[in-house]
Novice: 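The structure's right below; bear with me while I get my questions together.
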There are 2 protein chains.
Amino acid sequence: MVTGPRPLVRQIDQRLTALIAALYPDERKRPGFGRLAQEIREKTGGTISATYLWELATGKKRNLTLEQLDVLADFFGVPPEYFFNDQVAERVDKQLQLATALRDQRIRSLAMRAEGLSPEALDSLLKMVDAARAMQDLRPMGDIPADSDGE
Amino acid sequence: MVTGPRPLVRQIDQRLTALIAALYPDERKRPGFGRLAQEIREKTGGTISATYLWELATGKKRNLTLEQLDVLADFFGVPPEYFFNDQVAERVDKQLQLATALRDQRIRSLAMRAEGLSPEALDSLLKMVDAARAMQDLRPMGDIPADSDGE
DNA sequence: AGTTTCTGTCAACTACTGCGGATGAAAAGG
DNA sequence: CCTTTTCATCCGCAGTAGTTGACAGAAACT
């Protein structure tokens with residue numbers, strides 16, 4: 001069917017890649033779609049394939065079912081609306097920024113699932129982190145060796 | 001795989017029938033799934049079939065795709081999360097009660113799309129409507145002749 | 001009465017979501 | 001160096017989301 005794409009189903013790819021980047025800030029250690037799919041399966045008990053994950057991330061498929069939406073939302077710890085509600089996405093992205101800035105595995109997953117802080121609170125927290133980083137004369141995030149993982 | 005149904009996809013049938021009942025309070029004038037599907041198609045430009053609508057309302061199918069979710073949410077004027085987020089559903093249902101109580105086509109669709117009032121505000125509005133109804137000695141809603149429709 | 005329209009329901013079909021299994025390239029590890 | 005693992009990408013298939021077209025019963029109309 002050649003139905004013009006409904007607005008809801010437009011930005012899945014961007015949202016998904018943003019989540020992946022947020023969960024694995026260090027590009028060097030970031031797993032491929034194969035390993036990622038396996039992790040999702042183990043952690044959520046749901047089923048998702050590496051191929052489909054890639055198709056979603058590259059925008060080749062975008063009209064997913066509620067079940068797959070739930071699996072993804074469950075794994076990344078975001079509300080399902082994140083994938084199509086701009087307002088929710090904006091707030092969550094703020095939290096992701098904070099989590100990335102803190103660069104600690106435990107705090108990161110906590111923050112991703114918190115969903116309780118206002119954008120203003122998150123903004124000031126981000127500013128505090130920036131200030132602390134400047135005082136300690138740290139390089140801009142990106143080339144700092146990542147932590148060794150461990151659930 | 002026999003994956004147990006994810007929690008997200010459980011109450012679609014109830015939500016859908018609730019929406020239909022809210023939009024057409026008078027059972028006598030309520031259209032069947034055939035006419036309803038046609039209305040949805042005309043109003044939203046999306047595609048949905050009468051049979052599928054029935055399958056959803058009776059719980060025979062429940063794992064719909066984002067595109068169909070968008071069509072339904074668009075037609076009924078509710079946020080897409082209504083179908084799987086209990087918190088949103090509760091708030092919207094309050095609005096639907098109010099709209100049904102007022103029994104005016106225009107106000108009804110307006111209220112369905114408002115999404116701005118708190119549950120407390122809606123509660124007091126509902127109480128006011130009840131009080132007004134009692135003072136006017138109206139019969140309990142249900143057998144009042146419905147308005148003649150018109151977009 | 002008969003006829004026409006609408007209802008819910010089902011079975012057969014189509015189309016696309018979602019997956020397994022290739023492929024070659026590039027790391028990693030020996 | 002070679003071998004093994006992991007990567008992105010593709011092709012084709014299975015299963016199911018979603019449609020079409022039928023059916024009989026119940027209204028509504030004449």
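Protein chains get the first letters and strands the later ones, always in sequence-line order, with residue 1 at the start of each.
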Novice: Take atom CD of B:Glu39 and atom P of C:dT7, then tell me their distance rounded to the nearest Å.
Specialist: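 In whole Å, C:dT7 P lies 10 Å from B:Glu39 CD.
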Novice: Taking the side chain from B:Arg41 and the backbone from B:Ile48, do they hold a donor-acceptor pair closer than 3.5 Å?
Specialist: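 Yes; judged by distance alone, with no hydrogens or angles, the pair exists.
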Novice: Looking only at side-chain atoms of A:Thr51, point me to the closest of C:dT17, D:dC10, D:dT20.
Specialist: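 So the nucleotide nearest the side chain must be D:dC10.
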Novice: Given C:dG18, D:dC7, D:dA8, which nucleotide is nearest the side-chain atoms of A:Phe33?
Specialist: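 So the nucleotide nearest the side chain must be D:dA8.
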Novice: Starting at atom CD of A:Glu67, determine the distance to atom P of C:dG18, rounded to an integer number of angstrom.
Specialist: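 Distance, rounded to whole Å: 9 Å.
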Novice: Between A:Thr65 and A:Lys61, which residue's closest nucleotide on DNA chain D lies nearer the 5′ terminus?
Specialist: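 In this pair, the answer is A:Lys61.
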Novice: So does A:Lys43 pair up with A:Asp74, basic N to acidic O under 4.0 Å?
Specialist: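 No, A:Lys43 and A:Asp74 are not salt-bridged.
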Novice: For A:Thr58 and D:dT9, is the shortest distance between a side-chain N/O and OP1 or OP2 below 4.0 Å?
Specialist: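 No.
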Novice: With a cut-off of less than 4.0 Å, is there a side-chain N or O of B:Trp54 near OP1 or OP2 of C:dG8?
Specialist: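 So the side chain of B:Trp54 is outside the cut-off, no N or O lying under 4.0 Å from OP1 or OP2 of C:dG8.
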Novice: How long is the line joining OH of B:Tyr24 and P of C:dT7, in whole Å?
Specialist: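 Going from B:Tyr24 (OH) to C:dT7 (P), I get 11 Å.
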Novice: Could you check B:Lys60 against B:Gly32 and say which one's nearest nucleotide on DNA chain C is further toward the 5' end?
Specialist: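 Counting from the 5' end, the first nearest nucleotide belongs to B:Gly32.
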Novice: Take the protein atom OH of B:Tyr52 and the nucleotide atom P of D:dT16, then report the distance between them rounded to whole Å.
Specialist: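 Rounded to the whole Å, the gap is 13 Å.
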Novice: Mind checking if A:Glu55 touches a base, just sugar-phosphate, or nothing, with heavy atoms under 4.0 Å?
Specialist: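 Touches a base.
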Novice: Once you round it to whole Å, what is the distance between P of D:dA17 and CD of A:Gln68?
Specialist: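 The distance from CD of A:Gln68 to P of D:dA17 comes to 11 Å, rounded to the nearest Å.
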Novice: Any Lys/Arg nitrogen of B:Arg91 or B:Asp86 sitting under 4.0 Å from an Asp/Glu carboxylate oxygen of the other?
Specialist: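 Salt bridge: no.
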Novice: Rounded to whole angstroms, how far apart are CZ on B:Arg62 and P on D:dT16?
Specialist: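 My rounded result for the distance is 14 Å.
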Novice: Taking 4.0 angstrom as the limit, do A:Lys60 and A:Glu55 come out as a salt bridge?
Specialist: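 Between A:Glu55 and A:Lys60 there is no salt bridge, as every charged N stays at least 4.0 Å from the carboxylate O atoms.
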Novice: Determine yes or no for a side-chain-to-main-chain donor-acceptor pair under 3.5 angstrom, with B:Arg62 supplying the side chain and B:Leu56 the backbone.
Specialist: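 No; zero donor-acceptor contacts below 3.5 Å.
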Novice: Check the distance between C:dG20's C1' and A:Leu53's CG and give it to me in whole angstrom.
Specialist: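 For the pair A:Leu53 CG and C:dG20 C1', the rounded distance is 15 Å.
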Novice: With the side chain of B:Arg35 defined as its heavy atoms from C-beta on, choose the nearest nucleotide among C:dC6, D:dT9, D:dG18.
Specialist: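 Closest nucleotide to the B:Arg35 side chain: C:dC6.
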Novice: Starting from C1' on D:dC7, measure out to CD on A:Glu27 and report it in whole angstrom.
Specialist: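 So the two atoms are 14 Å apart, to the nearest Å.
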